[in-house]
Amino acid sequence: MPIATVNPATGETLRVFRPLRPDETEERLAAADTAFRRYRATGFAERAALLRRAAELLEQDSPDIARTVTTEMGKPLTAARAEAAKCVKAMRWYADHGEGLLADERPADADVRDAGAATARVHYRPLGPVLAVMPWNFPLWQVVRFAAPALMAGNTGLLKHASNVPQTALYLEDLFHRAGYPTGVFQTLLVGSDAVEGILRDPRVAAATLTGSEAAGRSVASVAGDEVKKTVLELGGSDPYLVLPSADIERAAATSVTARAQNNGQSCIAAKRFIVHTDVFDAFTERFTAGMAALKVGDPMDEATDVGPLASERGRADLEELVDDATGRGAAARCGGGRPAGFDRGWYYEPTVLTGVTPAMRIHREEAFGPVAAVYRAVSLEEALDIANDSPFGLSSNVWTRDDAEVARCVRDLEAGGVYVNGMTASHPALPFGGVKRSGYGRELSGHGIREFCNATTVWQAAA
Ligand code: NAP
């Protein structure tokens, strides 16, 4: 895959980048290693000041970098600006809370005595250079979500970004450089995915995090396993969205449109499977379909656009195959189901609602990465949970109900890393983010995320 900016709204190749030569990659690995030895000794106050400065610069750069993001991957400009703002918030959050999250932990006095120590504590130390293999769908946020906690903890970062967002990748390196981070603390490696194995096997690389597809995750995890290196994997999702009889149907339907179509439908935590109780099926599905059909598809640079093009021609072809498979096996497209009229270029796809989806269809088990919703009818909460859990994925989940017993049942039984009740899944710096099953393992954000790339060191000390 060439490392290039190709505008999804036009299909035009705007810039092609030469991948790093092996000697250039080597230079950067050496710099990451050297930088780590010094940077690990800095205090939290110094790291927080650097992160705050990076946040300030990103805030100033937001109008320009948002245009770059939209040009490279096609999300509406308004969404790109919101993504930059979200990054600023997370950077400030980790600058404020990093030290507290990594404060030494002290066991109870009785346990310290029982362990035969005068004092004992857990001290969090950084691991070293961490390789981050990242996707294009939130090209700023996915990186910041890794980098803010990793750098606050004292690690150094090596970013291998998706090949279709090279200008955003280079911007991020420049951002951390301008913020004053020492050389080598955060670097972008413009390399293809074929270079990842060699980098990960390098003894100077301590650990890796990958956000992306299951195939990429499997590949990185197997190399890391072979090298006995820690990994965090944030992979695909096909989140269920349960609508039960006591739900506020107006709100559930209005929210479902955003939950499915945000980011042109290309979000791992988008709701993708809508599992609706038969008592409210018609009321919900009519409103949901009307909302999806009313979305304005168009030029992502236009402020009025709700849904822009998909990020790649291949991505649209994959989505088309999934929809065609479903309709070929009996699903009905209540709206959409193909390419919108009036676009002679760009990788656009209509917001689509499919009903009559069954387990025999590929969309039941595969991730629809675009504005396509699969709607199921369930006769009971029991059946809704069965459909929800009949998926290889387990990223997040959404439930609409006013019944506390149903909430408790869903929290107990939904196989997912999150349960969002009467709302849609959205990440926040203070809340852990990640999945189970084929959606990956490990957590990002919150205290869980910052500790993933730390060495929880036991310090046991007897009286001298
Ligand atoms: P992708 O093809 O897996 O690419 C993600 C990153 O992995 C890119 O940098 C890619 O590099 C690299 N890569 C691909 N194959 C690799 C391999 N065999 N070895 C090492 N690196 C490899 O995924 P995508 O299409 O960009 O992103 C969409 C997927 O990401 C969806 O499944 C989505 O659900 C998932 N996602 C998950 C989360 C989460 O938090 N769980 C968040 C966002 C997205 P190249 O670009 O050079 O190929």
Side-chain angles (χ1 to χ4, degrees), residues 1-6 8 17 19-20 72-75 83 131-146 158-166 168-169 172 188-201 205 208-224 231-239 262-272 310-319 322 366-370 391-396 416-418 425-427 431-445 449 452:
M1 189 170 173
I3 300 175
T5 298
V6 184
F17 292 78
L20 292 181
E72 293 203 299
M73 55 68 66
K75 76 172 60 184
E83 184 180 338
L131 173 66
V133 183
M134 291 291 147
W136 46 262
N137 62 340
F138 290 92
L140 296 169
W141 171 242
Q142 306 290 1
V143 177
V144 166
R145 184 168 87 166
F146 148 74
L158 290 161
L159 168 65
K160 181 272 177 273
H161 217 326
S163 291
N164 57 338
V165 289
T168 308
L172 286 161
T188 287
L189 306 175
L190 279 192
V191 293
S193 58
D194 54 341
V196 168
E197 176 169 354
I199 296 167
L200 188 48
R201 286 195 188 279
V205 173
T209 179
L210 179 138
T211 300
S213 62
E214 191 186 327
R218 190 181 298 112
S219 165
V220 163
S222 58
V223 173
T231 48
V232 168
L233 297 183
E234 298 285 0
L235 309 180
S238 189
D239 290 358
Q262 64 167 342
N263 212 43
N264 303 345
Q266 302 162 121
S267 168
C268 54
I269 48 163
K272 295 179 183 125
L310 298 188
S312 70
E313 194 166 19
R314 178 72 251 165
R316 182 174 66 174
D318 289 346
L319 191 68
L322 274 191
E366 297 179 33
E367 181 181 26
F369 219 52
S391 167
F393 299 110
L395 195 50
S396 189
T425 301
S427 55
L431 299 172
F433 183 94
V436 294
K437 299 162 79 175
R438 295 288 175 100
S439 291
Y441 51 74
R443 290 292 178 269
E444 294 195 283
L445 301 177
E452 288 283 5

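All values below were derived from every heavy atom in this structure, side-chain atoms included, with hydrogens, water molecules and symmetry-related copies excluded. Order of listing sets the numbers, starting from 1, for every ligand and every atom in it.
- Of all protein heavy atoms, the one lying nearest to atom 8 (C) of ligand 1 is M134 O, 3.3 Å.
- Of the protein's heavy atoms, C268 CB, 3.5 Å lies nearest to atom 36 (N) of ligand 1.
- Close contacts of ligand 1 with V133, meaning ligand atoms under 4.0 Å from a residue heavy atom, involve 6 (C), 7 (O), 9 (O), 12 (C), 21 (N).
- Other residues, nucleotides and ligands contribute only 12 or fewer heavy atoms inside 6.0 Å of the CZ atom of R438.
- For ligand 1, the atoms closer than 4.0 angstrom to any heavy atom of L395 are 41 (N).
- When atom types are taken as modelled, the side chain of K272 and the backbone of E367 share no donor-acceptor pair closer than 3.5 angstrom.
- Inter-residue side-chain proximity for L431 and L445 is flagged as unmet; no heavy-atom pair is nearer than 4.5 Å.
- Short contacts between ligand 1 and S163, defined as distances under 4.0 Å to a heavy atom of the residue, involve ligand atoms 45 (P), 46 (O), 47 (O).
- Heavy-atom separations between R145 and ligand 1 include at least one value shorter than 4.0 Å.
- Compare A216, S427, G315, G236 by their heavy atoms: the one nearest to atom 16 (C) of ligand 1 is in A216.
- The contact set between ligand 1 and N137, taken as ligand atoms under 4.0 Å from a residue heavy atom, comprises 43 (C), 44 (C).
- In this structure, the side chain of E72 engages the main chain of T168 through a donor-acceptor pair within 3.5 Å.
- For ligand 1, the atoms sitting less than 4.0 Å from at least one non-hydrogen atom of H161 are 9 (O), numbered in the order shown with element in parentheses.
- Between F369 and ligand 1, not a single N/O pair is under 3.5 Å apart.
- Looking from atom 24 (P) of ligand 1 to the surrounding protein, the closest heavy atom is W136 NE1, 3.4 Å.
- Interface of K160 with ligand 1, defined as ligand atoms under 4.0 Å from a residue heavy atom, comprises 9 (O), 11 (O), 45 (P), 47 (O).
- Residue, atom and distance of the protein heavy atom nearest to atom 34 (O) of ligand 1 are E367 OE2, 2.6 Å.
- Between the side chain of H161 and the backbone N or O of P139 there is at least one donor-acceptor pair closer than 3.5 Å.
- If you check which protein heavy atom lies closest to atom 22 (C) of ligand 1, you get S193 CB, 3.4 Å.
- Between L235 and ligand 1, a contact under 3.5 Å exists for at least one N or O pair.
- The backbone N or O of V191 sits less than 3.5 Å from a side-chain atom of K160, completing a donor-acceptor pair.
- S267 and Q262 make their closest contact through OG-NE2, 4.1 Å (heavy atoms, listed as atom of the first residue, atom of the second, distance).
- Taking a cut-off of under 4.0 Å to the non-hydrogen atoms of V196, the atoms of ligand 1 that pass are 20 (C), 21 (N).
- Atom 5 (C) of ligand 1 has its closest protein heavy atom at T211 O, 3.7 Å.
- Remark: the backbone N or O of G449 is not paired with any side-chain donor or acceptor of E444 at under 3.5 angstrom.
- Distance CZ/F17 to OG1/T5: 5.0 Å, rounded to 0.5 Å.
- Between K75 and E83, some side-chain heavy-atom pair lies under the 4.5 Å cut-off.
- When each atom of ligand 1 is checked for a heavy atom of V220 under 4.0 Å away, the hits are 20 (C).
- Here the side chains of M134 and T211 are in contact, with some heavy-atom distance below 4.5 Å.
- In this structure, atom 43 (C) of ligand 1 lies nearest to the protein heavy atom Q142 NE2, 3.0 Å.
- Checked by atom type and distance alone, the side chain of E214 never pairs as donor or acceptor with a backbone atom of G236 at under 3.5 Å.
- Nearest protein neighbour of atom 3 (O) of ligand 1, counting heavy atoms only, is S213 OG, 2.5 Å.
- For the pair F138 and ligand 1, no heavy-atom separation below 4.0 Å is found.
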